[in-house]
Amino acid sequence: MAKDPLLEDLNEPQKEAIIHLGSPLLVLAGAGSGKTRVITRKFAYLVKKKNIPASSIFTVTFTNKSAEEMKHRISELLNCHIKNSWIGTFHAQCNKILRKEIDNIGYKNNFTIYDDDDQGNLIRHILKELNIHEALFKGIACRISILKSSLITPEKFLEKGDGFGFDEKLGRVYLRYQDELKKCDAVDFDDLIGLTLRLFEEHPKICNKYKRNFEHILVDEFQDTNLAQYKLLTKLCAPDGNITVVGDDDQSIYKFRGAEVVNIINFQRDFPKSRVIKLEQNYRSTQNILNVSGKVIMKNPHRNQKTLWTNKGCGDKVSYCLLNTEEEEAKFVAKMIKDYYLKGIYDYKDFAVLYRINLQARLIEDGLRAEGIPYTVVSGTSFYHKKEIKDIIAYMKVVINPDDNVSFRRILNTPPRGIGLSTISKIEQEAKKQSTSLYKVIKQIPKSNSTVLSSAKEKLTSFLKTIDDLIMINNKNTADIMKTIIEKINYFDQLEELRIQNVMDLISSLENVTLQGFLDRTALISSTDCQNFDAGVSLMTLHSAKGLEFPAVFLVGLEEGILPYFKTFNELDDLEEERRLFYVGMTRAKERLFLSSVSKRRLYSKIQDQEPSRFIADIPKDCCHWVEKVMPSQTPIDSKNFVPKKPTIPFDIGCRVKHPRWGVGVVRECTGFGEHAKVTVNFPGVGIKKLIPNIANLKKVTL
DNA sequence: CGAATTGAGTTTTTT
DNA sequence: ACTCAATTCG
């Protein structure tokens, strides 16, 4: 045991976590304390020393990428390729189970996965039908997702329903939405988890099959699991079973997606025999970086106390820089990077620039380009979100599942083939009447006395023939199917060169995958997954940076309104999450950390005065190199008329306001702040109005 | 039916 | 500022 290579260069608590067996285990692992390492080593240890087959270990990672990395590392440790492994995200694992078993709960095994784009389209379609203001679709999609991940069905929600206003509508949409999904044999991300859970609950035999197979469960990033995912774990593992969860409450940054830090507390309740191990030695960062980030996170009231330490030296001081404009900030970042590069201290790939929101990337890009520095943006809109790609994918989805109405709607008149609005709406109506899919309605048209014009009938039949032909050839390999689709619909005929190139790239990425496998992969993949971090400076959001590390890190735009983001000002919980986001960003740095804010920023096409983030005040200055020297600016601030704007939202969402003309209404949404603030208010009987509070003379109504 | 124009909404974070 | 959808016109 003493000289086991699997337990080499590990500290005591890490070793304990790895060899612990026979009861549940909760590992509270601070940032950079080697938690992923614990999981990979434990996996290898179980296989090598305890003779557990790799296929009997259920391992959950947060992203597909970390799953791939983990497989790779485990293969190295075991010196052989692991096959049939269950290493993946919750969503990927559930998909794997459902593809085999979902027919037991009344779906077809060739079900379609709807990504949030598809989900949005469906919800908008429903809103249109129910005559609900369509712009609300985002908020509704978000609420539905949270309801689902908290295991509240539409029925339950309606039952509980305080049945007024927004919630009543939400309930109706939710019910319809679930209904439509079922009709289309489609599932959304939350269904992947929820339906697996339902499968296990309604079919204990199937559940037991999996439960028996999984001798051990390993969960990474446990702090970001939601209720449904947690419940799933309890289904797969006995209360005294072999489950190891690893997490850090300070790094929980997905509450908006339904993640429940409470799961860490619940774990100790639901697995009463569990042992807790803390990992507090940090292997990543210098002492100065730990001091600064530690002081900041300490201000959060609700957290497990832990103190990270390192035996690395103090290192360079953390630097904070207040600049005039965002252009200066970008220039500053680029200059610093170039400087370190030219001195030979770092390579370009050693740097990361992190920001709160994607649109900050543009400026930084400009700055880096001006200095000729290579970079890659871990982009918000990925390759798979491009129209031309989504179009082709929609065709492939219909080939596999013609009842998928969302994809069907998308391709019906794409590329334009003379099927117009009036025709489409007749088909829609008919489909609704018969409660069936668009595809099936069109199929009946030749036989039925449908009111569709005869010219349109011809076009529809010819379209249907195209689709049916494609369905017939479905046994060819995936690239061939795609080529045939493109040919049959003359897709390239009027497509720009660049878009054609994108589709060609897609085709060449298709070797050795089944059509179903390809569609699953594209649905579940994320932007970080296919990113190569060796191609220069990495630019990404704080969320994407989770789990990564870089020798030198820039955190930009540390201003009120950006971090913390202004939509989070109202909720105290959200503010804590913003702080954690800041913490996650800082703890990505191994050796050098640069923080910056600016005092003027162009936001929403208006120039705004910015104040430094409130979190900056919590930084101990003795670990810092503090620069507020503010370079001379072309547009000096007029100090007499300079009044810092308090970035506050005039009204809370949900509060009641009185308007002189429309009476009392409920606030739906607030955007912007200061004099640019706008509120959306729903006045019963009048409708939804967008107002500028200063002008509209709104008064808060207190009940 | 389709092209062109207007207009409105959107810019948090993501499996 | 920019994109995408609805509306209007030919």
Item to check | Residues that A:Phe137 engages under side-chain contact (heavy atoms from CB on, under 4.5 Å), provided they are two or more places apart | outcome: A:Ile123, A:Arg124, A:Leu127
Checklist outcome for this item: Of B:dT15, C:dC4, B:dT13, the nucleotide closest to the side chain of A:Phe189 is B:dT15
Next on the checklist: So, using ring pair (Phe, Tyr, Trp, His ring centres under 6.0 Å) as the criterion, who are the partners of A:Phe200 when residues are at least two apart?
Outcome noted: A:Tyr210
Checklist entry - Closest to the A:Ser422 side chain: B:dC1, B:dT13, B:dT15? => result B:dC1
Next on the checklist: Side chain of A:Arg356, heavy atoms from C-beta onward: which of B:dT14, B:dT13, C:dC4 has the nearest atom to it?
Outcome noted: B:dT13
Checklist entry - Considering residues at least two apart in sequence or located in another chain, which fulfil the side chain to side chain donor-acceptor pair (under 3.5 Å) criterion with A:Glu577? => result A:Arg580
Checklist entry - Can you check whether A:Thr423 has a side-chain N or O nearer than 4.0 Å to OP1 or OP2 of B:dC1? => result yes
Checklist entry - For nucleotides 5-10 of chain C, read 5' to 3', which letter fits each nucleotide if B means a protein heavy atom sits under 4.0 Å from the base, S means only the sugar-phosphate is that close, and - means neither? => result SS----
Checklist entry - OP1, OP2 of B:dT14 versus side-chain N and O of A:Ser544: anything below 4.0 Å? => result yes
Protein-nucleotides 2-4 of chain B N/O pairs closer than 3.5 Å?
unit_1, atom_1, unit_2, atom_2, d
B:dG2, OP1, A:Gly418, N, 3.1

Item to check | Stretch residues 227-235 of chain A: residues that reach within less than 4.0 Å of DNA chain C through a heavy atom | outcome: none
Checklist entry - How is A:Lys459 classified with respect to the nucleic acid when contacts are heavy atoms under 4.0 Å: base, sugar-phosphate, or nothing? => result nothing
Next on the checklist: Using OP1 and OP2 only, check whether a side-chain N or O of A:Asn358 sits under 4.0 Å from B:dT13.
Outcome noted: yes
Checklist entry - Does the side chain of A:Thr541 get closer than 4.0 angstrom to OP1 or OP2 of B:dT14 through an N or O atom? => result yes
Checklist entry - Looking only at side chains, do A:Asp248 and A:Gln223 share a donor and an acceptor under 3.5 Å apart? => result no
Checklist entry - What's the closest nucleotide to the A:Tyr254 side chain, out of B:dC1, B:dT12, B:dT14? => result B:dT14
